[in-house]
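A short worksheet on the structure shown next.
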Number of protein chains: 2
Amino acid sequence: MLHNHSKTYLGGTATPKIAFIQHDHAHCASDIMKRAELLARTRGTRLTPVRRRVLEILLEKHQAMGAYDVLQRLATDGFGNQPPVAYRALNFLVKQGLVHRIQQLNAFTACMNPSETHTPAFLICKECNVVAEANTAPVRRALNEAADSFCFAIESSTIEAIGLCPRCQGSVI
Amino acid sequence: MLHNHSKTYLGGTATPKIAFIQHDHAHCASDIMKRAELLARTRGTRLTPVRRRVLEILLEKHQAMGAYDVLQRLATDGFGNQPPVAYRALNFLVKQGLVHRIQQLNAFTACMNPSETHTPAFLICKECNVVAEANTAPVRRALNEAADSFCFAIESSTIEAIGLCPRCQGSVI
DNA sequence: ATTGACACGTTATAATATAACACTCATAAG
DNA sequence: CTTATGAGTGTTATATTATAACGTGTCAAT
Ligand SMILES: [Zn+2]
Ligand SMILES: [Zn+2]
Ligand SMILES: [Zn+2]
Ligand SMILES: [Zn+2]
């Protein structure tokens, strides 16, 4: 079975583990585009052609892309081909929670669960470059406890793990 | 009382919370330099003049510095003033666990607990830029559990929190 | 003496990111 | 209607961060 189509989507939300599994990614992507449009309408923000196109490009795969790679794609699509074009769209999408920035890669990846602000942990496969978003409630709880013991008030935090995804653990030399 | 000299050092090791507290930082720094030299001897690595100077510079404060700021300091000290000089020394120190890289700032900070390889969580004050290293055992445990549920094998991970340190929580506008 | 490994200095360039300004277009006052 | 006003885009230029590649000196092992 190549696709796990209807069964894996619950209320329009992909399970996070889907990134590492073969799945009907076209569905995955179009589902998120629809949610992005809904969010924009709800919030009164504008999902303009450039912004929409950037999100589409990032949604093509469960991997992160550098700003300049996105830019090149935009250019071939007839949009401006100077860095600010890409960075502005990316920054907008990040602010809206539709895209996450992966610090370790200086790259961007489409959010696979756009909703209320969430800051997932990222699992980044160093072989296939696939990025998955893990729920961080317990991780954050532990981090907050550590911060509390310093009387440090966390405002935002970044959690990124590099390693091997299930698929690539088998195929390593 | 300005210093909490002898009481805060236990077996030559500063408590991690010290970064956010007034303390005898000269002691703090010289203590770590000694440990760095010992480590180098033990491991058969060379703490050359440039490398040593870079560590000294980073040890001047509990803050992170960009590679180019380090480089400028090196240049005024008569070392080479081209980027590779700084980056090579920094990369060496990072590999030896004597310096940590702060991803969110593209900057480097001296390790305040150099010993066997450890990967702390960083608490970064956005007001005063002080960086503290928090112990991450519980955080990492939680992260590993999350990764396990993906069958993802973590190789290394980055945990960085931005926020306000205890001192700066009072003095915010 | 010769070799090889390592560190350092230098030149040049790559990769990532932002500042600043001009133009368009939509919408809101006047 | 027309005239601000603001948001978004495109462009030029530049800033910031990082590495590639090559030559030289030092020192230990052969
Ligand atoms: Zn998908
Ligand atoms: Zn993989
Ligand atoms: Zn100190
Ligand atoms: Zn502070």
Side-chain angles (χ1 to χ4, degrees), chain A residues 36-37 40-41 43-58 63-96 98-109 124 129 158 160, chain B residues 36-37 40-41 43-58 63-96 98-109 124 129 158 160:
Chain A
E37 270 154 19
R41 248 169 295 149
R43 293 175 182 164
T45 58
R46 293 172 51 198
L47 195 58
T48 62
V50 200
R51 292 167 174 178
R52 155 184 271 281
R53 188 72 194 109
V54 169
L55 184 53
E56 282 170 3
I57 290 167
L58 289 178
Q63 284 160 294
M65 275 180 94
Y68 280 77
D69 295 327
V70 171
L71 178 58
Q72 196 169 325
R73 293 287 307 274
L74 285 178
T76 67
D77 291 356
F79 294 98
N81 72 340
Q82 297 305 316
V85 175
Y87 279 103
R88 282 194 291 235
L90 288 166
N91 290 336
F92 168 85
L93 293 168
V94 168
K95 201 178 286 177
Q96 296 300 316
L98 294 167
V99 163
H100 296 295
R101 181 176 189 136
I102 307 294
Q103 300 278 354
Q104 306 231 15
L105 305 178
N106 288 326
F108 301 84
T109 190
I124 306 159
N129 299 309
T158 303
E160 298 178 2
Chain B
E37 269 154 19
R41 247 170 297 148
R43 292 176 183 165
T45 57
R46 292 170 53 196
L47 196 58
T48 62
V50 198
R51 293 168 176 177
R52 156 182 270 281
R53 188 72 193 110
V54 168
L55 184 53
E56 283 170 3
I57 290 168
L58 290 177
Q63 285 160 294
M65 276 180 92
Y68 280 77
D69 295 327
V70 171
L71 179 58
Q72 198 169 325
R73 293 287 307 276
L74 285 179
T76 67
D77 290 356
F79 294 98
N81 73 339
Q82 298 304 318
V85 175
Y87 279 104
R88 281 195 290 234
L90 288 165
N91 290 336
F92 168 85
L93 293 167
V94 168
K95 201 177 286 181
Q96 296 300 317
L98 294 167
V99 162
H100 296 295
R101 180 174 192 140
I102 307 294
Q103 301 277 355
Q104 305 231 12
L105 306 177
N106 289 325
F108 300 83
T109 191
I124 305 160
N129 299 307
T158 303
E160 298 177 3

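Below, chain A is the first sequence line, B the second, and so on; all start at residue 1. Side-chain atoms are counted along with the backbone in the values below, which use heavy atoms only and exclude waters and symmetry mates.
Here the P atom of nucleotide D/dC27 and the CZ atom of B/Arg46 are 9 Å apart, to the nearest Å. Look at CG on A/Asp69: it is 14 Å from C1' on C/dA14, rounded to the nearest Å. The distance between atom CD of A/Gln104 and atom C1' of C/dT16, rounded to the nearest whole Å, is 16 Å. In this entry the distance linking CD of B/Gln82 with P of C/dT10 reads 6 Å, nearest Å. When rounded to the nearest whole Å, the span between CG of A/Asn81 and C1' of D/dT12 equals 12 Å. Rounded to an integer number of Å, the gap from CG of B/Leu71 to C1' of D/dT17 is 12 Å. If you measure from atom CG of B/Asn91 to atom C1' of D/dT19, you get 10 Å, rounded to the nearest angstrom. If you take OH of A/Tyr87 and P of C/dA15, they are 12 Å apart, rounded to a whole angstrom.
In terms of heavy-atom proximity, A/Ala86 sits nearest to A/Leu71 at CB-CB, 3.8 Å. Closest approach of A/Arg73 and A/Met65 over heavy atoms only: CG-CE, 4.2 Å. When every heavy atom of B/Phe92 is checked against every heavy atom of B/Arg46, the shortest pair comes out as CZ-O, 3.7 Å. Here the closest non-hydrogen pair linking A/Glu160 and A/Gln103 is OE2-N, 2.7 Å.
Stacking of A/Tyr68 onto the six-membered ring of C/dT16 is present: less than 5.5 angstrom between centres, less than 30° between planes.
Between B/Val99 and the choices B/Val94, B/Val70, B/Val54, the side-chain contact (heavy atoms from CB on, under 4.5 Å) rule is met once, by B/Val94.
Closest contact between the side chain of A/Arg51 and the listed nucleotides D/dT17, C/dA12, D/dG8 involves D/dG8. Comparing D/dT9, D/dT17, D/dA13 by their nearest atom to the side chain of B/Asn106 picks out D/dT17.
Both B/Pro83 and B/Pro49 lie close to DNA chain C; mapped to their nearest nucleotides by heavy-atom distance, the more 5′-ward contact belongs to B/Pro49. Comparing B/Arg88 and A/Pro84 by the nucleotide of DNA chain D that holds the closest heavy atom to each, the one mapping nearer the 5' end is A/Pro84.
Applying the 4.0 Å criterion to OP1 and OP2 of D/dT9, one finds that A/Thr48 has a side-chain N or O inside that range.
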